[in-house]
Amino acid sequence: MAHFYDAVLQRPDRFNFAVDVIDYWAARPDDLEAMYWVSKGESQKRSLTFKYFSRQSHRVSVLLQRLGIKEGETMVMIVPRVPAWWEIAVGAIRSGVIISPATTLLTEKDIQYRCVKSKASVFVGDGASVAKFLAVRDACPSVRTVLQVGDVPHPGTDSFYASLELVEADASVEDVRRDWNSPALLYFTSGTSGPPKMVRHNQVSYPLALTTTAKSWYQLAPGKVLWNTAEQGWGKASWSFFSAWNCGATLFVYDDREAFSPRRLLRILHRYPITTLCAAPLAYRQLVLQEAKSYYKEHPPMALSHCTAAGEALNDEVIRQWNAISGMEIRDGYGQTESVLLCGNFSGFPIRPGSMGKPAPTVPLSIINIDGSETAVGEEGEMAVLIDDISSKNEFFGIFDGYLNDDNTVSRREKIFTKNGERKVWYLTGDKARRDADGYLWFVGRSDDVINSSGYRIGPFEVESTLKLHPSVVESAVISSPDPIRGEVVKAFVVLIDQWKDVNQDSLRKELQDFCKKNAAPYKYPRKIQFVPLEFLPRTVSGKIQRNLLRKMEWKSETKAKL
Ligand code: ATP
Ligand code: MG
């Protein structure tokens, strides 16, 4: 039988990513490279093969057994980008232990919240995260075992490396494939529009279905090298973990622990044979600024040929500017922690800058009305995925089981549509978009971010993209502001390029408003504009703009001003 990598992807009844993917590539005679790892400060480099991860993950599985950690238990992992992260993750999947990765930026309170919510029995962290965990340990009674990766272990914790040393080099566990719908991962969403939600994925929803994302969007195959700059705590980091390895490609990992710097990103691309880059739109917006442009010219990437972005809407102007600098396009893709890539710009059809592309192969993504029927061309609606009969082998399975509730049940936002006896079940993404006549999808905004001014619905992304066309704008965030006549009006918070900061603000405001009226439908122009520094815009730890917080601030201050 053909391996899943070569065949049309079908959902198996039983699957184990460690056995079916890692061991598969490890068994090949050519000793494929799985990871190229570079330490912080670039003082150490390691090339690690699939054989290495196969072996190490067997040992981790044995270690988990010896520590009394059983299948179905949950492990919260807060470890920076060191190889141990992947050794532990693959070992846990091999054993059926559910992993719940989180970012190193979490506070003690966040860690407590996650351990309690997920009823974790194991906490794995680096020295700093373990210290934070120990401060709230008494409030996390479900946690029995604490493993520390690196640094001198805190009292009462086990050193991961020392414990693994005690496991024989050839120790192994039996190959066990688990029911496809048994839980494998628990991720928290980014928290852009409220408290992060706990998303449960099964053995195939991420681990296997991401093969399509890898092949069609990242264009991966053995010999290709993927660098995804997302931090380990985000679902998007898992996209690269499963994607690259499902295709036998190399995962490039740079143990970056500092704030984002466009120069450092370019330096890494210049020094290492990375072929595919996946970065946030925020990063690309910085890469097209003057300083980065000059650096790029002197330090062009060594092997980069394919650029992708996801996580937030990507302005068309940024795509054009990056193309002018590098000759490459940025292939925008849309997905959620809750899913694999749902739509994107794939090879085989030209990209339309500003569009999220077309539904990914095999993904039944549509735009639907409030009543659950599909919208007409050009009409705004909610992005939704048909999940009628996910238990069937031929249905799309790259989607989460649901948000985990306190009583261990799961639930998701769904819409059931029945017409002429036909019944459809849609998973609702909470995002609004439009489809053009050629099937390209255009992002409008998160449902809660769409502005309603005098009966007109205005998506913030279009206004932000229009502003980005003006040479003075680095980026902007567009929200609604209260207005006695129109109910709501469009307000833009605008970050200016340094050279424009000293010009007369009133005339620049007017210029930007006229510019928007000319370059988009006039009713969408921002009636209010406030110039702000970059740090003013509230963001999630992963860098996404939190328009809901801006909106709350705006409505509070405007209402107060009127009293
Ligand atoms: P929360 O659900 O906690 O509010 P979040 O939605 O930002 O946070 P993620 O799952 O990390 O959490 O992000 C998915 C969301 O990011 C999508 O629902 C969409 O709003 C936005 N997004 C992702 N990719 C794109 C894209 N290419 N274009 C526009 N928006 C995107
Ligand atoms: Mg979300």
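Atoms within a ligand are numbered from 1 in the order they appear, just like the ligands themselves.
- Ring pair Phe17/Phe241: centre-to-centre distance below 6.0 Å.
- At least one test fails for Arg434 against the ring of Trp442: distance under 6.0 Å to the centre or angle within 45° of the axis.
- Side-chain contact of Tyr187 with Ser238: a donor-acceptor pair under 3.5 Å is present, judged by distance alone.
- Of all the heavy atoms of Gln336, the ones lying under 4.0 Å from any atom of ligand 1 are found in both the backbone and the side chain.
- Interface atoms of ligand 1 facing Glu312, defined by a heavy-atom separation under 4.0 Å, are 22 (N), 23 (C), 24 (N), 25 (C), 26 (C), 27 (N), 28 (N), 29 (C), 30 (N), 31 (C).
- Aromatic ring centres of Phe188 and Trp234 lie farther apart than the 6.0 Å criterion allows.
- Not one N or O of Ala310 is nearer than 3.5 Å to an N or O of ligand 1, by distance alone.
- At a heavy-atom cutoff of 4.0 Å, ligand 1 is contacted by both the backbone and the side chain of Thr192.
- Residues passing the salt bridge (charged side-chain N to carboxylate O under 4.0 Å, His left out) test with Arg114: none are found, sequence neighbours excluded.
- Heavy-atom neighbours of Lys224 NZ from other residues, nucleotides or ligands within 6.0 Å: at or below the threshold of 12.
- Against a heavy-atom cut-off of under 4.0 Å, Ser193 is close to the following atoms of ligand 1: 1 (P), 4 (O).
- Listed by atom number, the atoms of ligand 1 under 4.0 Å from Asp431 heavy atoms are 17 (C), 18 (O), 19 (C), 20 (O).
- Protein heavy atom nearest atom 6 (O) of ligand 1, with residue, atom name and distance: Arg446 NH1, 2.9 Å.
- For Phe443, every heavy-atom contact with ligand 1 shorter than 4.0 Å involves the side chain, none the backbone.
- At a 3.5 angstrom cut-off on N or O pairs, Leu314 does not count as close to ligand 1.
- Residue-ligand proximity, Gly335 to ligand 1, at heavy-atom distances under 4.0 Å covers atoms 14 (C), 17 (C), 23 (C), 24 (N).
- A search for salt bridge (charged side-chain N to carboxylate O under 4.0 Å, His left out) contacts involving Asp256 returns Arg264, not counting sequence neighbours.
- Protein heavy atom nearest atom 27 (N) of ligand 1, with residue, atom name and distance: Gly333 O, 2.7 Å.
- With a 4.0 Å heavy-atom cut-off, ligand 1 is reached by the side chain of Lys544 but not by its N, CA, C or O.
- Counting heavy atoms closer than 4.0 Å to ligand 1, residue Thr337 contributes atoms from both its backbone and its side chain.
- Remark: Glu475 does not engage Lys468 in a salt bridge, criterion side-chain N to carboxylate O under 4.0 Å.
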